[in-house]
Amino acid sequence: MSDTQASSLIETELPVSKSTLGQPPIYILWAGKATTCQGFAEKVSQEAKSNGFEPFKIKLSKAVGADKRQHLKDGPVVILTCTYDGKPVVDAVDFYGGLVELKEQGWQDITYAVFGYGANVFEATHQLVPKKINELIAERGGQRFLELGEGDVGVFLYDTWEEWRERMWDAARCKYSTEKHDVHLPKFDVEETDITERHKTLNQSNVKLAEVVENRPLTAPGFSPESRHMELRFREDLQYKPGDVVSILSHNAYADVRKVMKRLGKHPLQEIVIKADFAWMHKDRSILLADLLTKYVDLRYPATRANIRTLLQHVPKTDETKATRHALANWSEPTGPGKKLAEKLAEKLWDKFITVTDLLEEYPDIKLPLNEFLRMLQPMRARNYSISSSALVDPRRLTLTYRVHDFGVCSQFLARLQKGDSLYLLVDPSAHKFHLPDRLDIPLIMFATGTGIAPLRGMLEHCAEMRKKKEEQGTHIEIGKTLLFFGCESRKSYLYGDSDLKKWEDYGIVSLRPAFSWEASKVYVQDRLWEDRAEVVNAYKDAVKLMSGPSERVILGCGHRQAAQSVMEKCVDIVVEYIEDIKPGLGILLPKEKKEKKALATQIVNQYRNLLYVTDVF
Ligand SMILES: Cc1cc2nc3c(=O)[nH]c(=O)nc-3n(C[C@H](O)[C@H](O)[C@H](O)COP(=O)(O)O)c2cc1C
């Protein structure tokens with residue numbers, strides 16, 4: 001804060017100690033109830049120097065009596081006040097009373113102007129106090145240097161005030177022969193703190209700012225769970241490959257924050273000082289509780305059994321709380337006869353995503369202090385999402401394909417974002433090399449379920465864009481045709497099925513093999529794979545011919561763990577049936593027994609895992 005700013009905020013008392021700057025003083029006498037008048041006084045104070053005056057702000061209550069008045073003669077006096085029910089406000093009562101009772105010319109040699117504000121709905125007493133002060137001072141010998149200003153809180157209050165103030169300065173400068181000059185008015189200066197500080201606190205550095213260009217549903221209206229497509233635009237070029245992931249630090253929904261505050265009986269504006277050493281937060285840091293709950297902790301993390309034991313400790317041991325104690329004890333019993341029930345309930349915690357807050361709501365008997373609640377929470381965790389685009393299209397663009405989970409902090413946060421909103425995220429090269437092979441002419445076999453399509457969509461976009469770019473240059477690039485087995489619940493959740501995937505199929509990049517498990521035919525992705533196994537084997541054989549080594553990834557799967565497992569099992573069956581095509585010469589060595597055949601095929605499939613076949617499961 002500059003000196004000017006600091007001084008303008010300070011209230012003074014009469015007599016004032018004047019500086020040696022040689023500027024005449026201006027006395028700003030004010031009294032109001034709320035902040036209106038304080039703001040007016042502050043404004044005059046801030047503008048004084050540039051009009052050649054040294055400002056002194058004084059409450060009207062401190063300007064009562066002859067001894068005080070005698071110090072007001074060497075500069076203009078500006079009086080700012082209002083009326084309540086025809087009467088002065090508390091801080092103006094003595095001043096007003098003194099003025100009414102004053103018999104002699106006590107205001108002689110004092111130059112003054114009054115600005116009053118009030119509401120004209122109070123017809124009978126509208127502006128009564130400022131008007132009276134204005135008249136009485138004149139009667140008591142004061143010299144008015146400007147007519148009364150009358151602001152109405154209902155209409156144009158600040159216009160009236162600004163115009164009056166301008167006239168007041170003109171008149172004051174004229175009377176005291178001061179000059180208007182440029183003084184550095186205290187700037188309304190703010191410094192923006194590093195917005196990525198939270199990311200650093202939560203162990204995430206090098207985040208990049210992106211703007212939401214699009215955030216639209218991919219599933220048909222009314223389909224649940226909803227999946228969405230988000231397009232982001234960055235300020236700088238990105239270097240990512242399809243298959244890479246981004247890491248996003250989200251916010252808790254305010255509804256969740258409010259639930260906690262209400263249950264713990266905390267006011268929304270409660271600030272706290274962190275006294276314990278949370279690993280992820282500085283000691284002695286002061287922070288708005290709502291801010292901490294919104295940004296730093298995960299409010300949707302299921303309660304642990306240790307959490308429930310802590311909750312149990314905070315239930316008073318009375319007869320009335322017996323049922324609560326019994327219920328919580330069932331939950332947290334790790335051994336003994338209650339173990340089975342406890343395990344079942346613990347599963348429920350995860351199935352239903354039951355949080356500490358949910359338990360607090362369910363059991364009002366728990367009297368949990370705030371520090372204990374905070375201690376139980378996990379820090380907000382960044383969530384990873386596969387990139388579903390290719391940087392080849394535009395290095396500043398990146399798309400995400402995500403499902404909105406009922407209990408998902410991050411997916412719900414993403415779903416709330418709108419076009420034009422911004423978001424920080426970390427673009428992280430994929431740890432497990434879930435990438436396209438270097439040679440794009442190798443045909444690929446892809447499996448996806450649900451939003452597992454994300455990285456594969458990016459890869460297909462990459463292939464399509466590569467071909468398009470070459471065509472634009474008048475050259476041709478051989479792109480191997482991908483077989484995409486895509487498991488969806490129904491056509492309503494066939495993500496990109498009628499848009500991008502269709503477009504790339506028409507372009508010869510991909511051959512689509514959707515499997516709809518909720519439709520009458522009930523086809524799962526592994527069923528479709530089995531149906532088309534002859535083509536899969538042919539594609540595999542074509543790929544092997546072009547491969548430079550066994551670590552070229554030609555089979556890529558992304559989706560639910562269970563689906564990936566079923567696909568692997570089907571691959572084993574395919575190897576059994578097509579062993580001679582897959583491993584020429586091995587056919588005759590294949591054992592006769594079905595079980596042993598399968599064991600050998602499983603061995604072969606496992607051999608290629610993470611080499612030729614990579615999966616990304618969730
Ligand atoms: C209870 C009440 C009584 C008021 N009486 C009067 C009045 O008699 N005359 C008038 O001009 N304004 C009257 N006002 C309007 C106030 O002067 C006006 O709202 C002003 O902005 C309040 O200033 P403050 O921000 O210092 O509280 C009244 C307002 C309230 C709430």
Side-chain angles (χ1 to χ4, degrees), residues 5-14 16 26-48 53 55-65 68-69 72 76-102 107 110 112-140 142 144-169 172 185-186 188 267 269:
Q5 268 171 301
S7 67
S8 73
L9 288 171
I10 294 168
E11 282 289 326
T12 326
E13 292 209 19
L14 289 168
V16 298
I26 180 164
Y27 300 104
I28 308 153
L29 309 189
W30 69 281
K33 211 168 186 177
T35 52
T36 323
C37 198
Q38 193 176 5
F40 288 164
E42 187 56 36
K43 202 76 197 165
V44 177
S45 179
Q46 281 173 4
E47 291 174 349
F53 293 91
F56 296 98
K57 267 193 314 162
I58 300 151
K59 281 248 179 84
L60 269 183
S61 54
K62 305 273 184 192
V64 180
K68 301 281 179 192
R69 273 197 311 275
L72 296 174
V77 175
V78 174
I79 299 171
L80 312 165
T81 194
C82 62
T83 315
Y84 268 84
D85 290 327
K87 296 196 179 74
V89 291
V90 173
D91 280 332
V93 168
D94 291 345
F95 178 88
Y96 186 72
L99 198 57
V100 172
E101 281 160 24
L102 193 67
W107 279 78
I110 298 177
Y112 77 98
V114 181
F115 183 84
Y117 60 102
N120 63 17
V121 286
F122 299 89
E123 271 175 54
T125 53
H126 185 219
Q127 294 283 8
L128 191 134
V129 172
K131 267 184 190 158
K132 265 274 194 231
I133 291 177
N134 190 43
E135 283 162 17
L136 286 171
I137 293 182
E139 282 171 25
R140 311 290 185 249
R144 191 184 300 149
F145 73 98
L146 186 65
E147 80 285 7
L148 174 74
E150 292 182 70
D152 194 313
V153 290
V155 269
F156 300 123
L157 171 65
Y158 287 92
D159 288 271
T160 316
W161 161 238
E162 274 156 23
E163 283 156 23
W164 184 87
R165 212 168 69 235
E166 220 166 281
R167 275 182 282 128
M168 185 278 289
W169 285 127
L185 277 181
F188 187 69
H267 189 275
L269 297 179

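First listed ligand is number 1; within each ligand, the first listed atom is number 1. Below, each value reflects all heavy atoms present in this structure, side chains not excepted, and no hydrogens, waters or symmetry copies.
Close approach of ligand 1 to Cys82 (heavy-atom distance below 4.0 Å) involves ligand atoms 17 (O), 23 (O). Of all the atoms in ligand 1, the ones that sit under 4.0 Å from a non-hydrogen atom of Gly32 are 26 (O). Residue contact check: Ala119 has heavy atoms under 4.0 Å from atoms 10 (C), 11 (O), 12 (N), 15 (C) of ligand 1. Atoms of ligand 1 lying under 4.0 Å from any heavy atom of His126, numbered from 1 in the order shown and given with element: 9 (N), 11 (O). Residue Gln127 approaches ligand 1 through these ligand atoms, each under 4.0 Å from one of its heavy atoms: 10 (C), 11 (O). Atoms of ligand 1 found under 4.0 Å from any heavy atom of Lys33 (numbered from 1 in listed order, with element): 24 (P), 26 (O), 27 (O).
With sequence neighbours excluded, the residues satisfying side-chain contact (heavy atoms from CB on, under 4.5 Å) with Thr12 are Val16, Phe56, Ile58.
Looking at Asp91, its side chain never comes within 3.5 Å of a backbone N or O of Ala31 through a donor-acceptor pair. Judged by distance alone, the side chain of Arg144 and the main-chain N or O of Ala138 form no donor-acceptor pair under 3.5 Å. A distance-only check finds no donor-acceptor pair linking the side chain of Trp30 to the backbone of Gly39 [under 3.5 Å].
Taking a 4.0 Å cut-off on heavy atoms, Cys37 fails to register as neighbouring ligand 1.
Residue, atom and distance of the protein heavy atom nearest to atom 20 (C) of ligand 1 are Tyr117 CE1, 3.5 Å. Protein heavy atom at the shortest distance from atom 8 (O) of ligand 1 is Thr125 OG1, 2.7 Å. Among protein heavy atoms, the minimum distance from atom 24 (P) of ligand 1 is reached at Ala34 N, 3.4 Å. The closest protein non-hydrogen atom to atom 6 (C) of ligand 1 is Thr83 O, 3.3 Å. Looking only at heavy atoms of the protein, atom 31 (C) of ligand 1 is closest to Tyr84 CE2, 3.6 Å. At the top of the distance list for atom 4 (C) of ligand 1, counting protein heavy atoms only, stands Phe122 CZ, 3.3 Å. The single protein non-hydrogen atom nearest to atom 25 (O) of ligand 1 is Thr36 OG1, 2.5 Å, given as residue, atom name and distance. Annotation: atom 5 (N) of ligand 1 to nearest protein heavy atom, Asp85 N, 2.8 Å.
A distance of 13.0 Å separates CD1 in Ile26 from NZ in Lys57, rounded to the nearest 0.5 Å.
By the 4.5 Å heavy-atom criterion applied to side chains, Phe95 and Ile79 are counted as neighbours.
Under the 4.0 Å criterion applied to side-chain N and carboxylate O atoms, Glu162 and Lys43 are not assigned as salt-bridge partners. Between Arg165 and Glu47 a salt bridge is recorded (basic side-chain N to carboxylate O distance below 4.0 Å).
A ring-centre distance under 6.0 Å is found for Phe40 and Trp161.
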*asked:* For a side-chain contact (heavy atoms from CB on, under 4.5 Å) check, start with the C-alpha distance between Tyr112 and Leu29, then their side-chain angles and the critical distance, and finish with the verdict.
replied: CA-CA 10 Å; Tyr112 77 98; Leu29 309 189; over 6 Å; no
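Only side-chain heavy atoms of Val153 come within less than 4.0 Å of ligand 1; its backbone N, CA, C and O stay farther off.
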